[in-house]
Structure formats: C-alpha cells, structure tokens
Amino acid sequence: MRDWVLHVDLDAFMAAVEILRNPELRGRPVIVGGNGDPTTPRTVVATASYEARQYGVHSGTPMRTAHKRLPDAVYLPTDLPAYEAAGAAVMDVLRSFPVIVEVWGLDEAFLGATTDDPEALARDIQHAVTAATGLTCSIGIGDNKHQAKLAAQFNKPAGVSRLTTETWQATMGERPTTALWGVGPRTGKKLADLGLHTVTQLAAADPAELAGRFGPTNGPWLRYLALGKGETTVTTTPWVPRGHSHETTFTRDLTDPAAMREHITALARRLAEETEGRPVTRVTVKVRHAPFTTHTRQAKLPAPTLDAATIEQAALTIFDRFRQDRPVRLLGVSVEYTQTGERR
DNA sequence: TCTGGGGTCCTAGGACCC
DNA sequence: TCTGGGGTCCTAGGACCC
C-alpha cells in the first residue's frame, strides 16, 4: 500500500449538466455561456460539449465566433445554481470512498488515497459518479497534485491515466513548457526567449538565471514544476476566500459618468451584502476602457468594516481617481477580507 | 479569438522609518 | 552635509487558472 494523489475532473461539466436536464440534447453540439444568445457581443463560451469542440469551439471562444462556426448548435445561458448543485452531488459521491477529498472549484477535486491499485479505485469512482449523477469524469493518478492534474487531461473524456515521478521524464520531457500546470503562454514565450522550449530544458536550467528573470519565488518554482514536483498534501479543510469581486462588461461602452457611478455603487452594495460577516480591509476598482486597456486603483480602509455605506463610499472615492473622459467597457469592484493570522 | 467573470499569488517601486 | 542600508507597508500591474 502506498499514497497517491488523484485528480477528478468532470467532463464538459456545464454542458453535461444541461444535457442531463434535457436528454434530447444528447449527441448535439451544446454551448453554455453568457445569456444564451450567441449574437450578444462581448460574451464568451463557458463550456462546450465534445460535439462542439470538434468545430473549434472551446471555453473562452467568443460567442459570436461560436455562432458563426455552429449556427445550429444549442446555446444556453449559464445557470450557476444548477452547476453548484450538480457539483456538490459529485463531491458527496467522492466522500463516500475511503479517501481525503479536497474540493477544487465547481467541477474538480483532488483525492488523497492509500491503495495498491489506484486504477481500480479510479474506475470504481467513475462508475459511482456516473451511477449517482449521470455525469462522467476523467481521473488522473500521480505522486502529487501537479502530476495528477496533468494526467487527468491525457485521456478525456472518461479516462484514467497515471503520471508519476518514474514516468515523468519519458512522458513530459519533450513537451513544451506550457504543458506544465502554471506555465501559460506569456511565461512560455519568455522561457523560449531564453532557449528553454521543452520541459527537459527547463528542468536543466540554471536556477539563478531563472530567479533573475522571473523573481526569487517564481524562477525556482518553474524549475520545480519541470522536474515534475508539486504539492503532495490533500486536505479536507475548507478554503477560506481571501476576497470577493464582481465585474460587468457592458454590451456597449458606457459614456455617462453618472451611470458609471451608479454601477460602481451597485457592485459595491452587492459585495457588502455578500461578506458573510467577514470585515473588508481593502477595496479595489477596475476600469477597462476601449479598446481593451485595464487599470485598477485600490485603497486600504482606515479600519476593517462590514458597513455597506462605507464600502460604497470607498469604491466611489477610488473610482473618482480615474480620468472620466473615456468610454468604459468594463467596471469592477473587489474587496479583500481580514486574513486569519493577519497582524493589524 | 474584438477578447466573461471570479479567483490566487507574485513582483516592483515608492514611501517611510530607524 | 550632497547622501547608507535594511525593513515594512502600500499600490498597480502581471500572470495564471477554472
């Protein structure tokens, strides 16, 4: 018996929940996102079913692009409460197994398991999830979260894959650095500029050079990822949110400052209602102008507060620090809470 | 690909203090 | 006087992930 980390990843989650609700959709391209109207500008796909992915429609594809490629697909608005309920049902199934369940968002979980046959466990979990909820999932098996997370993507949908320290080099070595969980396109480009294209090359890079280019934490961390290392702790301790935010992209740019202020107030009021008793220590306002330039301004409050009027007033005061003469595409407000263990 | 919304963490520079 | 060095806090922005 030894310890394993498993990553459970529900397949095409939001689309799958919609198909479950309406079985007539099965086999058709189903696209969930925005308000469900694919002609609305400035909206994107949240999840596409596998039938839609064949036509190049993925999460993040603009809805209008999806609509051009797939005019006859089924388009549905995002129904977060339905997905939360479906995700919670899956987590309950996972908890019925002798494993540690760490919920990781709506449709993912890491499991800590001690077994001789992790593939058999993974298959049992898949069958139980499908029997209880009708949803399918892919499961990755690894020595740590990084390996399990990557393995889950190897064989989707409904697959089981193993990626361990033993197989890391053979499996990952020749892949681009962006295959690593945490290396995106920007970092991939910077690494390529240093002549580091593959995982093996990054693993062999000079830590001091990486630290110089990416900072004292990020530089060494990149090499650590390339070596196939990662977090091994799986915990049931619920995540405590650091903060909370709301933002709105307007279908057409806002030009009226009074309307902007009204919107900032409304966003701040919503956040004040959603603190769940956690005092707010900092407020940030985000403004995206046309064409797509984004700026933030923030302020630490004189004292932590739950008071809605104080939070709204802070947001407005911060908003007034932006120049007011440009059309606005997006407005956002976010709050940070007192962190446990924070000195103040 | 005319580019959502909700998160997290890190970095760099300036202010300020001793 | 013509200018140190370290520590901490604050702010704006970047990058990544789902």
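Proteins come first, then strands; the chains are lettered A, B, ... in the order of their sequence lines, and each starts at number 1.
Defined by atom type and a distance below 3.5 Å, a donor-acceptor pair is missing between the side-chain atoms of A:Q126 and A:T130.
Each of A:F214 and A:H244 lies near DNA chain B, and the nucleotide nearest A:H244 is the one positioned closer to the 5' end. Residue-to-nucleotide proximity on DNA chain B shows that, of A:P241 and A:A46, the 5′-proximal contact is made by A:A46.
Residue contacts for A:T294: at a heavy-atom cut-off of 4.0 Å it reaches no nucleic acid atom on any strand shown. Counting non-hydrogen atoms under 4.0 angstrom, A:G105 reaches nothing in the nucleic acid. Looking at heavy-atom distances under 4.0 Å, A:T217 makes contact with sugar-phosphate atoms alone, never a base. Within the nucleic acid shown, A:W221 has no heavy atom closer than 4.0 Å to any nucleic acid atom. Residue-level contact check: A:R297 touches the backbone only, with heavy atoms under 4.0 Å from sugar-phosphate atoms and none from bases. Among the atoms of the strands shown, only primed sugar atoms or phosphate atoms (P, OP1, OP2) are found under 4.0 Å from some heavy atom of A:K149. Within the 4.0 angstrom heavy-atom criterion, no nucleotide atom of any strand lies near A:G34. Nucleic acid contact for A:L106: none, since no nucleic acid atom lies under 4.0 Å from a heavy atom of the residue. A:W104 comes within contact range of no nucleotide atom at all, as no heavy-atom separation falls under 4.0 Å. Looking at heavy-atom distances under 4.0 Å, A:R213 makes no contact with the nucleic acid at all. The residue A:V45 sits apart from the nucleic acid: no heavy atom pair falls under 4.0 Å. Residue A:K68 is classed as having no contact, given no heavy-atom separation below 4.0 Å to the nucleic acid.
Side-chain atoms of A:N22 and A:V74, non-hydrogen and from C-beta on, never get closer than 4.5 Å to each other.
Between the two ends of the helix from B:dG5-C:dC18 to B:dC18-C:dG5, each summarised by a five-pair axis, the helix axis turns through 10° (rounded to 10 degrees).
Classification of A:R288 and A:E247 as a salt-bridged pair fails, no side-chain N sitting under 4.0 Å from a carboxylate O. Residues A:R123 and A:D117 are not paired through a salt bridge, judged by the lack of any N-O separation under 4.0 Å between the basic side chain and the carboxylate. At a threshold of 4.0 Å, the pair A:R270-A:E273 does not count as salt-bridged, since none of the basic side-chain nitrogens sits closer than that to a carboxylate oxygen. Using a cutoff of 4.0 Å between basic side-chain nitrogens and carboxylate oxygens, A:D320 and A:R297 are not scored as salt-bridged. Under the 4.0 Å criterion applied to side-chain N and carboxylate O atoms, A:R95 and A:D92 are assigned as salt-bridge partners.
Pairs passing the ring pair (Phe, Tyr, Trp, His ring centres under 6.0 Å) check and including a residue from residues 59-91 of chain A, sequence neighbours excluded, read A:H67-A:Y75.
By the 30° and 60° cut-offs, the orientation of the rings of A:H244 relative to A:H246 is perpendicular.
Nucleotides of DNA chain B with any atom under 4.0 Å from a heavy atom of chain A span, from 5' to 3', B:dT1 to B:dT11.
Rounded to whole Å, the separation between the C1' atoms of B:dC17 and C:dG4 comes to 14 Å.
No more than 12 heavy atoms of other residues, nucleotides or ligands shown are found within 6.0 angstrom of CZ on A:R186.
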